[in-house]
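These notes concern the structure reproduced below.
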Amino acid sequence: LLGGFHNFAVDRKVGDLVVKACPDIRLGALANRAFLRRAVKFLCQQGIDQFLDIGSGIPTSGNVHEVAQRIIPSARVVYVDIDSIAVIHSQAILKDNQNASTIQEDIHNIEKILEHPSFTALIDLHRPLGVLMLSVLHFVKDEERLQRILRVLNGSLVSGSYVVISHYSLEGAPSETIDQLERISTGVGSPSVSRTQAETARLFDGFELVEPGVVRLPLWRPESSEDLL
């Protein structure tokens, strides 16, 4: 949906189905990537110099390590993804970057992520950490498991840390679009669940929200008129 070459035939097939059901989905993907850049830039401005990106996919152009290390050259980044092929490609992309690495793990196994040797080699949990979970928590359909992940993270982070979340939502979409996208979701390997803005806001229970709080992606600290599209 973002364009480029770091994608696979099966992803393009599903992507075409999604675009057919909801032509604006490409704008959503671009808005999500723009939000990532703004969020990482904001965290760097707060002094965050280590990042955990869960559900990262392949860290291509404009991803966390590029944005963060442009501002703080020594910034460290650990990417996590469940897909073995995405991890292999990520490792190839990052092979010359000593301050960035990739772990293959499931977000449901949050403890394994935090204890992984590749994580502990780069990240110090005694210092503030920026955790990014962009367009990934909608793959955690079970509410109990979702809350457990958030509790473990909350209990592991020291004061001054940040958690960044973006979440898929069909709130306000036409019923026909919702039906089509739900049919597509049930037919893929990682089915997702839509949550409302209010439900997404509850994911931050136990955290102090940064202004402007939980809003649609283009409205989170836009830097130009293009961010508002």
Side-chain angles (χ1 to χ4, degrees), residues 1-19 22 25-41 43 50-70 75-97 99-110 112-114 116 118-119 122-123 129-141 146 149 153 163-169 181 184-185 187-195 200 203 217:
L1 296 176
L2 289 169
F5 303 100
H6 292 91
N7 48 68
F8 308 106
V10 63
D11 301 311
R12 292 191 292 273
K13 182 178 179 181
V14 175
D16 289 343
L17 291 173
V18 172
V19 169
C22 182
I25 196 70
R26 290 189 188 278
L27 291 176
L30 290 169
N32 194 58
R33 180 53 65 91
F35 168 67
L36 179 149
R37 289 194 293 268
R38 298 198 304 276
V40 172
K41 180 179 177 181
L43 296 192
Q50 50 179 8
F51 298 83
L52 172 63
D53 185 357
I54 305 176
S56 58
I58 301 173
T60 51
S61 178
N63 221 301
V64 179
H65 69 284
E66 288 193 348
V67 178
Q69 291 174 357
R70 192 177 300 125
R76 289 159 292 169
V77 181
V78 173
Y79 293 103
V80 181
D81 202 87
I82 192 173
D83 188 293
S84 59
I85 302 299
V87 170
I88 291 171
H89 278 262
S90 301
Q91 290 170 341
I93 291 171
L94 300 171
K95 62 182 176 63
D96 295 324
N97 193 325
N99 286 332
S101 65
T102 306
I103 297 170
Q104 182 183 350
E105 192 52 82
D106 189 331
I107 191 173
H108 291 89
N109 302 325
I110 185 66
K112 289 186 177 180
I113 293 173
L114 299 177
H116 195 285
S118 294
F119 176 83
L122 284 181
I123 304 299
L129 172 67
V131 180
L132 297 102
M133 295 181 287
L134 272 59
S135 294
V136 66
L137 291 181
H138 48 245
F139 294 117
V140 184
K141 300 183 69 175
L146 175 61
I149 291 168
L153 274 176
V163 172
V164 182
I165 295 172
S166 68
H167 198 291
Y168 162 65
S169 179
L181 291 176
I184 294 170
S185 175
V188 299
S190 299
S192 59
V193 59
S194 167
R195 291 186 173 93
T200 302
L203 301 178
L217 290 175

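We use all heavy atoms of the structure for the numbers below, so side chains are in, but hydrogens, waters and symmetry mates are not. The first residue in the sequence is number 1, and the count goes up from there.
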Check: Can you tell me how far the CZ atom of Phe119 sits from the CD1 atom of Ile113, to the nearest 0.5 Å?
Finding: 9.0 Å
Notebook entry, point to check: With sequence neighbours excluded, what pairs up with Asn109 under the side-chain hydrogen bond (donor to acceptor under 3.5 Å, both in side chains) test?
Noted result: Glu105
Margin query: So, applying side chain to side chain contact (heavy atoms under 4.5 Å, CB included) with Asp53, which one of Leu132, Thr102, Val80, Val131 is it?
Written below: Leu132
Next item on the list: Considering non-hydrogen atoms only, spot the tightest contact between His167 and Val193 and give its length.
Entry: CE1-O, 3.4 Å
Check: Is there side-chain contact between Ser101 and Leu122, with at least one heavy-atom pair below 4.5 Å?
Finding: yes
Notebook entry, point to check: With sequence neighbours excluded, what pairs up with His116 under the side-chain hydrogen bond (donor to acceptor under 3.5 Å, both in side chains) test?
Noted result: none
Checklist line | Residues which pass side-chain hydrogen bond (donor to acceptor under 3.5 Å, both in side chains) with Gln69, listed by chain and number, not counting sequence neighbours | finding: Asn97
Next item on the list: Might you point out which heavy atoms bring Val164 and Ala39 nearest each other, and give the distance in Å?
Entry: CG1-CB, 3.9 Å
Margin query: Measuring only between side-chain heavy atoms, which start at C-beta, is Phe139 closer than 4.5 Å to Ile107?
Written below: no
Checklist line | Spacing of OG1 belonging to Thr200 relative to NE2 belonging to His138, to within rounding of 0.5 Å | finding: 10.5 Å
Note to self: If you compare all heavy atoms of Ala86 against all heavy atoms of Asp81, which two are closest, and at what distance to 0.1 Å?
What the structure shows: CB-OD2, 4.0 Å
Note to self: Quick check for you: to the nearest 0.5 Å, what is the distance between Lys95 atom NZ and Ser90 atom OG?
What the structure shows: 14.0 Å
Check: Who pairs with Arg76 by side-chain hydrogen bond (donor to acceptor under 3.5 Å, both in side chains), at least two apart in sequence or on another chain?
Finding: none
Check: Roughly how far apart are His65 NE2 and Arg70 CZ, rounded to 0.5 Å?
Finding: 9.5 Å
Check: Should Arg195 and Leu146 count as side-chain neighbours, where that means a heavy-atom distance under 4.5 Å?
Finding: yes
Notebook entry, point to check: With sequence neighbours left out, what residues match Ile88 under side chain to side chain contact (heavy atoms under 4.5 Å, CB included)?
Noted result: none
Margin query: I'd like to check Ile110 versus Ile54 (side-chain heavy atoms, cut-off strictly below 4.5 Å). Are they in contact?
Written below: yes
Checklist line | Partners passing side chain to side chain contact (heavy atoms under 4.5 Å, CB included) against Ser166 (at least two apart in sequence or in another chain) | finding: Asn32, Phe35, Leu134, Ser135, Leu217
Notebook entry, point to check: Closest approach of Ile103 and Ser118, non-hydrogen atoms and distance?
Noted result: CG1-CB, 3.9 Å
Notebook entry, point to check: With a 4.5 Å limit on heavy-atom distance, are the side chains of Val140 and His108 in contact?
Noted result: yes
Checklist line | Note, Leu203 side chain near Met133 side chain (heavy atom, < 4.5 Å) | finding: no
Margin query: Could you measure the distance from the OG atom of Ser56 to the CG atom of Asn63? Nearest 0.5 Å is fine.
Written below: 7.0 Å
Note to self: Determine whether Leu114 and Leu52 satisfy the following criterion, side-chain contact (heavy atoms from CB on, under 4.5 Å), listing intermediate values before the conclusion.
What the structure shows: CA-CA 9 Å; Leu114 299 177; Leu52 172 63; 4.1 Å; yes
